[in-house]
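Below, chain A is the first sequence line, B the second, and so on; all start at residue 1.
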2 protein chains.
Amino acid sequence: MTPLLQYFKKFSPLSKEAEKAIIEISNIETIKKNKDLQPIGHTCKTIYFIKQGVARIYYFKDGIDITERFFFENSIIARVESLFTGKPSRKAIQILEDAEIIAINANQLFKLYDSYPEIERLFRKIFESAYVETVNRIEGIQFHSAEERYNALLNEAPNVLMRVPLKHVASYLGITQVSLSRIRGHH
Amino acid sequence: MTPLLQYFKKFSPLSKEAEKAIIEISNIETIKKNKDLQPIGHTCKTIYFIKQGVARIYYFKDGIDITERFFFENSIIARVESLFTGKPSRKAIQILEDAEIIAINANQLFKLYDSYPEIERLFRKIFESAYVETVNRIEGIQFHSAEERYNALLNEAPNVLMRVPLKHVASYLGITQVSLSRIRGHH
DNA sequence: CTAATCTTTTATCATAAGATAAAAAATCAA
DNA sequence: TTGATTTTTTATCTTATGATAAAAGATTAG
């Protein structure tokens with residue numbers, strides 16, 4: 001659980017009791033490549049932390065598999081549009097590389113908010129930060145050509161291109177796989 | 001201040017003292033159309049609530065004015081990528097229709113979080129909800145043609161098209177004004 | 001190791017949207 | 001009200017990306 005506690009420290013300090021309380025509602029799981037960690041249609045009641053491996057959130061639009069986001073080591077995954085609304089998610093979480101993850105029970109976590117304001121504060125900050133990333137991503141999408149978006153990804157997150165099938169990168173960038181291949185071909 | 005308190009109630013209950021504490025750090029302002037409420041380059045230290053009027057967040061990309069989002073009555077505006085990071089914002093808030101707004105001092109608000117966990121919880125929920133909207137918007141952008149995005153806007157927020165210059169709608173949709181005009185022409 | 005499957009590239013053609021220019025319409029200021 | 005400015009539309013030409021098909025390459029299971 002150490003990497004998780006280290007991750008938390010970057011956002012907000014926690015007392016030993018608060019750390020213990022979170023650990024008590026968390027489980028380490030090992031998941032094989034290509035497995036769905038959470039399927040489409042289920043309400044998100046778990047917040048995951050990736051210790052090792054790669055994952056993505058994806059969904060289907062008109063029958064086409066679209067990747068919403070990739071996740072690597074030391075990051076939190078949650079389908080927030082379900083977690084924060086209680087509605088079933090149209091999205092799934094899939095493991096792309098054999099992974100070791102920590103699963104935090106969200107309902108129990110939210111209960112901890114009442115007794116540990118420091119935990120509520122920690123997760124407030126974690127999700128504020130995720131919100132900022134998402135806002136910045138919109139800026140990256142609005143008004144950039146596919147080629148510009150590809151080059152930006154190449155600069156900012158080359159690990160995505162090293163560790164993830166290009167077909168997923170294509171849908172993440174909002175283009176077809178064929179277009180991505182063509183763009184890459186322009187050297 | 002009543003509409004603000006009503007707005008809060010939709011997210012989380014507040015004690016009378018907490019309400020009072022927020023009201024003490026808030027001011028009502030009247031702003032004329034076309035004024036910048038907050039200019040580019042300033043660090044966001046205010047959270048606004050629109051009582052009446054329309055506003056947008058915009059920025060310049062390669063010299064071109066791009067609208068990130070529109071805001072109408074009974075909503076909260078903040079440039080979160082500055083508010084939550086303390087960095088200066090590359091974005092501005094502009095008033096598009098004569099407006100009456102409530103300005104909440106963010107630094108003072110964040111101090112209130114320590115004495116009023118209920119206020120921290122309220123704003124946690126407000127921004128969680130804004131985060132969800134932003135995630136959903138990415139889904140709307142990824143993999144839709146300009147025409148589909150226009151029609152979606154027409155359905156989901158016709159008020160945008162009634163109250164806002166089309167040139168701003170175009171950049172919001174990620175297309176040129178000329179393209180938007182062409183799409184509208186295809187009736 | 002081999003066959004089957006999945007992923008990526010290459011090629012061709014069609015189309016949506018960009019760039020530019022200019023006209024028309026609407027808004028604003030004196 | 002009138003002229004000036006801003007906004008929106010229309011037109012032409014160009015280009016990036018989609019759709020489809022097929023080949024090449026990589027991965028996986030037996």
Sugar-phosphate, base or nothing in reach of B/Thr176, heavy atoms under 4.0 Å: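 Sugar-phosphate, backbone atoms only, no base.
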
Touch class at under 4.0 angstrom, heavy-atom based, for B/Ser145 against every strand present: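 If one applies the 4.0 Å heavy-atom cut-off, B/Ser145 turns out to touch the sugar-phosphate alone, with no base involved.
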
Under 3.5 Å, which donor-acceptor pairs link side chains of residues 23-41 of chain A to any protein atom two or more places apart or in another chain?
residue: A/Ser26; atom: OG; partner: A/Ile22; partner atom: O; Å: 2.7
residue: A/Asp36; atom: OD1; partner: A/Tyr58; partner atom: OH; Å: 3.1
residue: A/Asp36; atom: OD2; partner: A/Tyr58; partner atom: OH; Å: 2.8
residue: A/Gln38; atom: OE1; partner: A/Arg79; partner atom: NH2; Å: 2.9
residue: A/Gln38; atom: NE2; partner: A/Tyr48; partner atom: OH; Å: 2.8

Within this structure, what is the [atom1]-to-[atom2] distance between [X] and [N], rounded to whole angstrom?
X	N	atom1	atom2	value
B/Glu147	C/dG18	CD	P	13 Å
A/Arg182	C/dA11	CZ	P	12 Å
A/His144	C/dA17	NE2	C1'	17 Å
B/Glu97	C/dC28	CD	P	12 Å
A/Ile175	C/dT9	CD1	P	11 Å

Under 3.5 Å, is there a donor-acceptor pair between the side chain of [X] and the main chain of [Y]?
X	Y	value
A/Thr134	B/Val135	no
B/Asp62	B/Ile64	no
A/Thr176	A/Ser179	yes
A/Ser82	A/Cys44	yes
B/Ser145	B/Glu148	yes
A/Arg149	A/Gly140	no

Distance, nearest 0.5 Å, that separates CD1 of A/Ile50 from CD of A/Glu100: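 One finds 11.5 Å between CD1 of A/Ile50 and CD of A/Glu100.
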
Distance, nearest 0.5 Å, that separates CD of B/Gln177 from NE2 of B/His168: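 With rounding to 0.5 Å, CD (B/Gln177) is 9.5 Å from NE2 (B/His168).
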
Selection: residues 56-68 of chain B, any non-hydrogen atom under 4.0 Å of DNA chain D: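 The stretch gives none, as no residue of it lies under 4.0 Å from the strand.
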
DNA chain D contacts made by residues 158-174 of chain A, counting heavy atoms under 4.0 Å: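 The stretch gives A/Gly174 as the residues lying under 4.0 Å from the strand, ordered by number.
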
A/Leu83 and B/Val132: CA distance, side-chain angles, deciding distance, side-chain contact (heavy atoms from CB on, under 4.5 Å) verdict: CA-CA 9 Å; A/Leu83 181 71; B/Val132 169; over 6 Å; no

Start and end of the DNA chain D segment that chain A contacts, any atom under 4.0 Å from a heavy atom: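 Here the contact window of chain A covers D/dT17 to D/dT28.
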
N-O pairing of B/Arg69 and B/Glu133 below 4.0 Å: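 Salt bridge between B/Arg69 and B/Glu133, a charged N being under 4.0 Å from a carboxylate O: yes.
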
Along DNA chain C (nearest heavy atom to each residue), the more 5'-positioned of B/Asn34 and B/Leu180: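 Between the two, 5'-proximity favours B/Leu180.
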
Bend angle of the helix from C/dC1-D/dG30 to C/dA30-D/dT1, end axes from five pairs each (to 10°):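 Roughly 60°, once rounded to the nearest ten degrees.
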
List, one per line, each side-chain donor-acceptor pair under 3.5 Å for residues 114-131 of chain B, sequence neighbours excluded.
residue: B/Asp114; atom: OD1; partner: A/Arg121; partner atom: NH1; Å: 3.0
residue: B/Asp114; atom: OD1; partner: A/Arg121; partner atom: NH2; Å: 3.0
residue: B/Glu118; atom: OE1; partner: B/Ser15; partner atom: N; Å: 2.8
residue: B/Glu118; atom: OE1; partner: B/Ser15; partner atom: OG; Å: 3.4
residue: B/Glu118; atom: OE2; partner: B/Ser15; partner atom: OG; Å: 2.9
residue: B/Glu120; atom: OE1; partner: A/Arg121; partner atom: NE; Å: 3.4
residue: B/Glu120; atom: OE1; partner: A/Arg121; partner atom: NH2; Å: 3.0
residue: B/Glu120; atom: OE2; partner: A/Arg121; partner atom: NE; Å: 3.0
residue: B/Glu120; atom: OE2; partner: A/Arg124; partner atom: NE; Å: 2.8
residue: B/Glu120; atom: OE2; partner: A/Arg124; partner atom: NH2; Å: 3.0
residue: B/Arg121; atom: NE; partner: A/Glu120; partner atom: OE1; Å: 3.4
residue: B/Arg121; atom: NE; partner: A/Glu120; partner atom: OE2; Å: 3.0
residue: B/Arg121; atom: NH1; partner: A/Asp114; partner atom: OD1; Å: 3.0
residue: B/Arg121; atom: NH2; partner: A/Asp114; partner atom: OD1; Å: 2.9
residue: B/Arg121; atom: NH2; partner: A/Glu120; partner atom: OE1; Å: 3.0
residue: B/Arg124; atom: NE; partner: A/Glu120; partner atom: OE2; Å: 2.7
residue: B/Arg124; atom: NH1; partner: B/Glu128; partner atom: OE1; Å: 3.4
residue: B/Arg124; atom: NH1; partner: B/Glu128; partner atom: OE2; Å: 3.0
residue: B/Arg124; atom: NH2; partner: A/Glu120; partner atom: OE2; Å: 3.0

Which atom of A/Gln142 lies closest to which atom of B/Lys61, heavy atoms considered: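 Smallest heavy-atom distance, with atoms named: O-NZ, 4.2 Å.
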
